[in-house]
Structures are given as structure tokens and as C-alpha cells.
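Structure, as C-alpha cells:
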Amino acid sequence: MEYTVSQLAALAGVTARTLRHYDAIGLLKPTRASGAGYRLYGPAEVDRLQLILFYRALGLELSAVAELLKEADLDRAAALARHLAELERRREQLDRQIAAVKRSIQQEQGGIPMTDVEKFECFKQRVIGENERKYGEELRSKYGDQEVDATYAKVMGLTKQEYDAWTALGKEIQDRLTQAVRAGLPPEGEEGQAIARAHRRWLAYSGSAYTPQAHAGLAAMYPEDPRFVAYYDREAQGCAAFLRDAVELYTKRLS
């Protein structure tokens, strides 16, 4: 069966404008055009749109969706299996948050008090889950499962004070990056190198033994990966590249 733009939009619960945009960027091309010039979509395009909407529901940017669809073109069953695993992980994470809220309600009603660790454990799990979803494959291929799992274990072991300091430092780095790029400051300058030092401190909260090579290698990934670019460049274009350059210069001085 074939669908026009309006028919497929109604079927999928999206707008016709969305489908036309997906066509324009090459994410979802119609099967063919009718004699009257209407875009027509067949079964393969319906399946592809289903995957697109699956990935978008996970909060992925269209650039990341495009990369995942390349894998799905080779093995749709494997792509669906990975999506299912991610949904199950998110359900587990949500279950933890629900349990934490219930425990908090019970505590307020005179139940067993929660420890400080229990009060914010689900939030650390969320950070780990988001990181694994977005960057886990690249990090594991580059650094190995043991290193990545050790990092996650360290995050889970952070005290509330350490966790708050870690997240606050991450926000500070992002704010300083944005300001430095907007001001046209050089990565080798005083502020650029201060940001690199702050980035090293930020890594220490979740990493193992520090090496300049590992620090530089991680920062080198930032402007090459659209997901890192979307994160660091969300306020000012060029922040990911600035951080890479600043860290590269900083680590060379340590080597």
C-alpha cells in the first residue's frame, strides 16, 4: 500500500510539514511521485518512519537519527533490538525514580527514613544511562568496557556533595566556553587554559587515573561527533572545537 504525504502524516501522528522536512534533508525520501506530482510512500518508507519516530522519542537529534538509520538499513532487526534494550533501560530507570518518590512519601508520613545516598541515587543512574545511550558505543570501543564500567561505578559512589559539585562544575565549564567563544578568546589564552584545567577537574569526579593522552583523546572526540557538538555548541557555535584545542595545548604542556 502507498500513502500520500497527508495520509502518512495522519497515520503516524506527525505533520505533513515534518515529512516534507525529512524529505528535504534526505532522512525519509518518498518511494516515487504520482503522475499528478504527489509524493508517495511505500512499506519500506513506513518502516523507516517508524524507526525515525522511535529514535526521536528517545530525544535524539536528527543528525544522530541519520547515523543510526545507516545501521538499521543493514540490519533492521538488530536496530529494533537495540531500541527495545534502551526502552527497557529507561523503564528500569523510571521504576527507580518512582520507587524513590514512594519512599520519600512514606518518609514524610512517618515511615523508614531514606539515607542521603538513596535520595539521589536514581538521578545518578539517569546521568549514567543518558551517557551510555549517547556515547557508550564510542567510549567502549575507544577505552574498553572495564574503563567505562569503572567510571560509572565511581559516579555511583559519589556523595551528594561530590555529585552537586560535579554537576555545578560541568555547568560552569559550559558557561565559560560559551562566553570565551562569543568573546573571540583564543584557546591558548589564560581563560582557555583555565577552562582546560576545569575540564580536568570535572573528569576527576568520574574518571580513573588521569593521563594527558586520555584527556586529549576524549576532547578530540567532541567536535567530530554531532552529539557532542549539539551539547557543547547549543549556546554558541565552536565551543566543542575550542575545548578540544584548549585541552590539546594544555595536555601538551603536561607531557
Side-chain angles (χ1 to χ4, degrees), residues 5 8-9 12-31 39 41-93 126-145 147-149 151-152 170 174 177 181 206 214 216-245 247-248:
V5 170
L8 183 57
V14 298
T15 65
R17 180 179 180 182
T18 294
L19 293 182
R20 286 193 288 269
H21 177 60
Y22 290 170
D23 182 7
I25 64 176
L27 197 63
L28 181 69
K29 290 289 186 181
T31 309
R39 297 179 177 93
Y41 297 85
E45 288 67 43
V46 171
D47 287 346
R48 186 176 179 86
L49 178 59
Q50 181 194 38
L51 276 179
I52 292 171
L53 297 182
F54 278 158
Y55 293 138
R56 292 292 283 162
L58 292 176
L60 297 182
E61 299 291 335
L62 290 178
S63 57
V65 171
E67 291 300 315
L68 289 170
L69 287 175
K70 292 178 183 178
E71 300 177 16
D73 288 339
L74 300 176
D75 193 338
R76 177 177 165 82
L80 287 170
R82 285 192 295 272
H83 181 72
L84 177 60
E86 173 61 18
L87 290 175
E88 290 175 337
R89 186 198 62 75
R90 290 196 174 198
R91 181 176 64 184
E92 181 181 353
Q93 178 185 335
R126 182 177 63 187
V127 170
I128 290 172
E130 284 295 306
N131 191 79
E132 178 67 19
R133 176 177 65 83
K134 292 181 178 178
Y135 315 118
E137 184 176 347
E138 290 87 349
L139 292 174
R140 290 181 183 278
S141 67
K142 188 175 182 64
Y143 299 107
D145 290 338
E147 181 73 17
V148 173
D149 290 340
T151 296
Y152 291 161
Q174 181 63 54
L177 274 172
V181 169
S206 60
L218 179 62
M221 294 173 57
Y222 293 161
E224 304 301 326
D225 189 307
R227 292 161 296 181
F228 282 113
V229 172
Y231 175 79
Y232 282 111
D233 287 16
R234 61 185 184 271
E235 297 293 336
Q237 187 175 1
C239 288
F242 183 100
L243 182 56
R244 175 202 59 199
D245 295 343
V247 168
E248 181 180 4

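Heavy atoms only: backbone and side chains are in, while hydrogens, waters and symmetry mates are out.
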Verify, without hydrogens or angle tests, whether R20 (side chain) and T15 (backbone) share a donor-acceptor contact under 3.5 angstrom.
no
Cation-pi check, R39 onto Y41 ring (under 6.0 Å, within 45° of axis)
no
In this structure, CD1 of I52 is separated from CG of L27 (nearest 0.5 Å) by 4.0 Å
Other residues, nucleotides, ligands: >12 heavy atoms within 6.0 Å of Q237 CD:
no
CG of L68 to CZ of F54, rounded to nearest 0.5 Å, is 13.5 Å
Shortest non-hydrogen pair, A16 vs V5, comes out as CB-CG1, 3.5 Å
Is it true that K70 and E67 make a salt bridge, defined as a side-chain N closer than 4.0 Å to a carboxylate O?
yes
For residues L51 and L80, determine if any side-chain heavy atom of one lies less than 4.5 Å from a side-chain heavy atom of the other.
yes
In Å, rounded to the nearest 0.5 Å, how long is the span from CG of L53 to OG1 of T18?
9.0 Å
Without swapping roles, check the side chain of T31 against the backbone of G42 for a donor-acceptor pair under 3.5 Å.
yes
Are the side chains of R76 and Q50 in contact, using a 4.5 Å heavy-atom criterion?
yes
Just so I know, are the side chains of L19 and L49 near enough to count as touching, which here means a heavy-atom distance under 4.5 Å?
yes
Side chain E224, main chain M221, donor-acceptor under 3.5 Å
no
Could you measure the distance from the CZ atom of R244 to the OH atom of Y232? Nearest 0.5 Å is fine.
13.0 Å
Rounded to the nearest 0.5 angstrom, the OH-CG distance for Y222 and D245 is 13.5 Å
How far apart are the closest heavy atoms of A240 and D233, and which atoms are they?
N-OD1, 2.9 Å
Verify the neighbour count for atom CD of Q174: are there more than 12 heavy atoms of other residues, nucleotides or ligands below 6.0 Å?
yes
